[in-house]
Protein chains: 2
Amino acid sequence: MSKGKEKRLFQNFLLENRFKRSVQRKELLDIFLNTNKHLTAEELYRIAKKKNPSIGFATVYRTLKLLCASGLCRELKLDDGITRYEHLYGHGHHDHLICTKCGSFVEVFDPEIEKLQEKLSKVHGFIPQKHRMELYGICSKCQKEEGRR
Amino acid sequence: MSKGKEKRLFQNFLLENRFKRSVQRKELLDIFLNTNKHLTAEELYRIAKKKNPSIGFATVYRTLKLLCASGLCRELKLDDGITRYEHLYGHGHHDHLICTKCGSFVEVFDPEIEKLQEKLSKVHGFIPQKHRMELYGICSKCQKEEGRR
DNA sequence: CTCTATGCAAAACCTTTGCATAGAA
DNA sequence: TTCTATGCAAAGGTTTTGCATAGAG
């Protein structure tokens, strides 16, 4: 559990914006903080439903928006078209390495690439704001399983 | 016009796969080849509708799938969730620089970044397959307009 | 009390599919 | 003739919205 800082951050976010606390928001935050970093809305909904069968899909989406607004969470849209929500707080910017076999994620960061990305933007006259980079490949676990067949 | 090579490629693709030619496919291919490189399905539909008001959305989507299968076209899913279709034939791999004000695209390619991306994958035990990189920023045109206000 | 949050169902999107008919080979 | 392609409408999948009611402050 723990995750005290994140919980406090969300509390403050709610207070500062005249939002109210609720059981659902608390439960969803707990699940979000204690689950893998790349949940879909549907996964979050299913987990929440086990604890609290009356929860609605709309609440999940609305709460995810709040989590993003508070800075705890970021939307991640991958090529499969399904939106995932990843932890943001305490993480710096990072990119993703994604296994095309098993779907596992690795967060990566390469300062050299970052520098070159910025340079590339400027060369084309852009003021860089943000970027996304996803590297797709086969992870070592899946490579071994491949070999076994 | 011209674009003879692309048209022939698509012809051959249809023949080789026992698909048939049709007026709609011809019209859609023409529009696709002669329009900006990052059409949405809706944009293509609207343009096609002007020439041929009876055309259906389903035909547009089905034809776009064929264009992708033939190698002329690639699906591009950006953060806004709308799928765009870009020209692929005769282009090598490239990434995108996207203006967050006006939405304009620039295609970019940086061999140094490519090399580092490959290295980064391998360091994490991945066999690299493909990647996507989008750099978001403000293009020079929008910077000037910003200044004018 | 007042105003926000919730759950439900309906709507909004974008994309795909089923089906009868038109059209290519 | 035999298949495939088309257009329409309906259905899918994901996310958002309207509304009456429940609940927080």
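None of these values were measured; they are calculated from a predicted model. Chain naming here is simple, since letters A, B, ... match the order of the sequence lines and numbering starts at 1 in each.
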S.K.: In whole angstrom, give the distance that lies between atom CD of Glu75(B) and atom P of dT16(C).
M.R.: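 So the CD-P distance, Glu75(B) to dT16(C), works out to 7 Å.
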
S.K.: Any donor-acceptor pair under 3.5 Å linking the side-chain atoms of Glu118(B) with those of His131(B)?
M.R.: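 Result is no, nothing qualifies.
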
S.K.: Would you tell me if any nitrogen or oxygen in the side chain of Gln24(B) comes within less than 4.0 Å of OP1 or OP2 on dG23(C)?
M.R.: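 So the side chain of Gln24(B) is outside the cut-off, no N or O lying under 4.0 Å from OP1 or OP2 of dG23(C).
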
S.K.: Nearest whole angstrom, please: distance from the P of dG23(D) to the CG of Asn52(A).
M.R.: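 After rounding, the gap between these two atoms is 12 Å.
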
S.K.: Would you say Gln129(B) and Thr100(A) are linked by a side-chain donor-acceptor pair, where the criterion is simply a distance under 3.5 Å?
M.R.: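 Note: Thr100(A) and Gln129(B) side chains meet the donor-acceptor criterion.
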
S.K.: Should Glu75(A) and Lys65(A) count as an ion pair when the cut-off is N to O under 4.0 Å?
M.R.: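 Lys65(A) and Glu75(A): salt-bridged.
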
S.K.: When you measure from the side chain of Ala58(B), which nucleotide among dC14(C), dC8(C), dT17(C) comes out closest?
M.R.: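 Selected nucleotide: dT17(C).
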
S.K.: As a test of reading the structure: which of dG7(C), dC8(D), dT6(C) is closest to the side chain of Ile55(A), going by heavy atoms?
M.R.: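 Per side-chain heavy atoms of Ile55(A), the pick is dG7(C).
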
S.K.: Using heavy-atom distances to pick each residue's nearest nucleotide on DNA chain C, tell me which of Phe19(B) and Glu42(B) is more 5'.
M.R.: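 Whichever sits nearer the 5' end wins; that is Glu42(B).
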
S.K.: Distance check: side-chain N/O of Ser54(A) vs OP1/OP2 of dG7(C), anything under 4.0 Å?
M.R.: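 Yes, Ser54(A) has a side-chain N/O under 4.0 Å of OP1/OP2 on dG7(C).
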
S.K.: According to a strict under-4.0 Å criterion, is Tyr61(B) in side-chain N/O contact with OP1 or OP2 of dT15(C)?
M.R.: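 Checking dT15(C) against Tyr61(B), a side-chain N or O does come within under 4.0 Å of OP1 or OP2.
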
S.K.: How long is the line joining CD1 of Ile82(A) and P of dT15(C), in whole Å?
M.R.: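 Taking atom P of dT15(C) as the reference, CD1 of Ile82(A) is at 14 Å.
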
S.K.: Considering residues at least two apart in sequence or located in another chain, which fulfil the side-chain contact (heavy atoms from CB on, under 4.5 Å) criterion with Glu107(B)?
M.R.: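 Checked Glu107(B) against side-chain contact (heavy atoms from CB on, under 4.5 Å); matches are Lys37(B), His38(B), Glu86(B), His91(B), His94(B), His96(B).
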
S.K.: Can you identify which nucleotide, out of dT16(C), dT15(C), dT6(C), has its nearest atom closest to the Thr59(A) side chain?
M.R.: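 In terms of side-chain proximity for Thr59(A), the closest of dT16(C), dT15(C), dT6(C) is dT6(C).
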
S.K.: On the nucleotide dA25(C), are OP1 or OP2 found under 4.0 Å from the side-chain N or O atoms that Arg21(B) carries?
M.R.: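 Yes.
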
S.K.: Tell me the interatomic distance from Lys26(A), atom NZ, to dA5(C), atom P, rounded to whole angstroms.
M.R.: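 For the pair Lys26(A) NZ and dA5(C) P, the rounded distance is 18 Å.
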
S.K.: Quick test of your reading of the model: are Lys51(B) and Asp30(B) salt-bridged, counting only N-O distances below 4.0 Å?
M.R.: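 A salt bridge is absent here (no side-chain N lies under 4.0 Å from a carboxylate O).
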
S.K.: Report the distance from atom CG of Leu78(A) to atom C1' of dT14(D), rounded to the nearest whole Å.
M.R.: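 Value for this atom pair: 15 Å.
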
S.K.: Can you tell whether the side chains of Asp79(A) and Arg132(B) come within less than 4.0 Å, N to carboxylate O?
M.R.: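 Salt bridge: yes.
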
S.K.: Requiring both pairing distances under 3.5 angstrom, list the stems that contain DNA chain C and are made of three or more consecutive Watson-Crick or G-U pairs.
M.R.: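 Only these stems qualify: C:1-25 with D:1-25.
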
S.K.: Using distance alone, with no hydrogens and no angle criterion, decide if Glu43(B) and Tyr45(B) have a side-chain donor and acceptor under 3.5 Å apart.
M.R.: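 No, Tyr45(B) and Glu43(B) have no side-chain donor paired with an acceptor closer than 3.5 Å.
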
S.K.: Touch check for Lys65(B), heavy atoms < 4.0 angstrom, all strands: base, sugar-phosphate only, or nothing?
M.R.: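 Contact class for Lys65(B): sugar-phosphate only.
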
S.K.: Would you kindly say whether Glu6(B) and His87(B) are connected by a side-chain donor-acceptor distance under 3.5 Å?
M.R.: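 Result is no, nothing qualifies.
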
S.K.: For dT15(C), does OP1 or OP2 lie under 4.0 Å from any side-chain N or O of Thr83(B)?
M.R.: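 Affirmative; the distance criterion is met.
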
S.K.: Can you tell me how far P of dG7(C) sits from OH of Tyr45(A), to the nearest Å?
M.R.: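 Rounded to whole Å, this separation is 9 Å.
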
S.K.: In this structure, how many angstroms lie between the P atom of dA5(C) and the CG atom of Leu67(A), rounded?
M.R.: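 After rounding, the reported distance stands at 13 Å.
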
S.K.: Just the rounded figure in Å: distance from P of dG23(C) to NZ of Lys20(B).
M.R.: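 Going from NZ in Lys20(B) over to P in dG23(C) covers 13 Å.
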
S.K.: Heavy atoms under 4.0 Å, any strand shown: does Arg25(A) hit a base, just sugar-phosphate, or nothing?
M.R.: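 Counting heavy atoms under 4.0 Å across all strands, the contact made by Arg25(A) is with sugar-phosphate only.
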
S.K.: Base of dG7(C), side chain of Arg62(A) - is there a donor-acceptor contact under 3.5 Å?
M.R.: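 Side chain to base: pair found, below 3.5 Å.
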
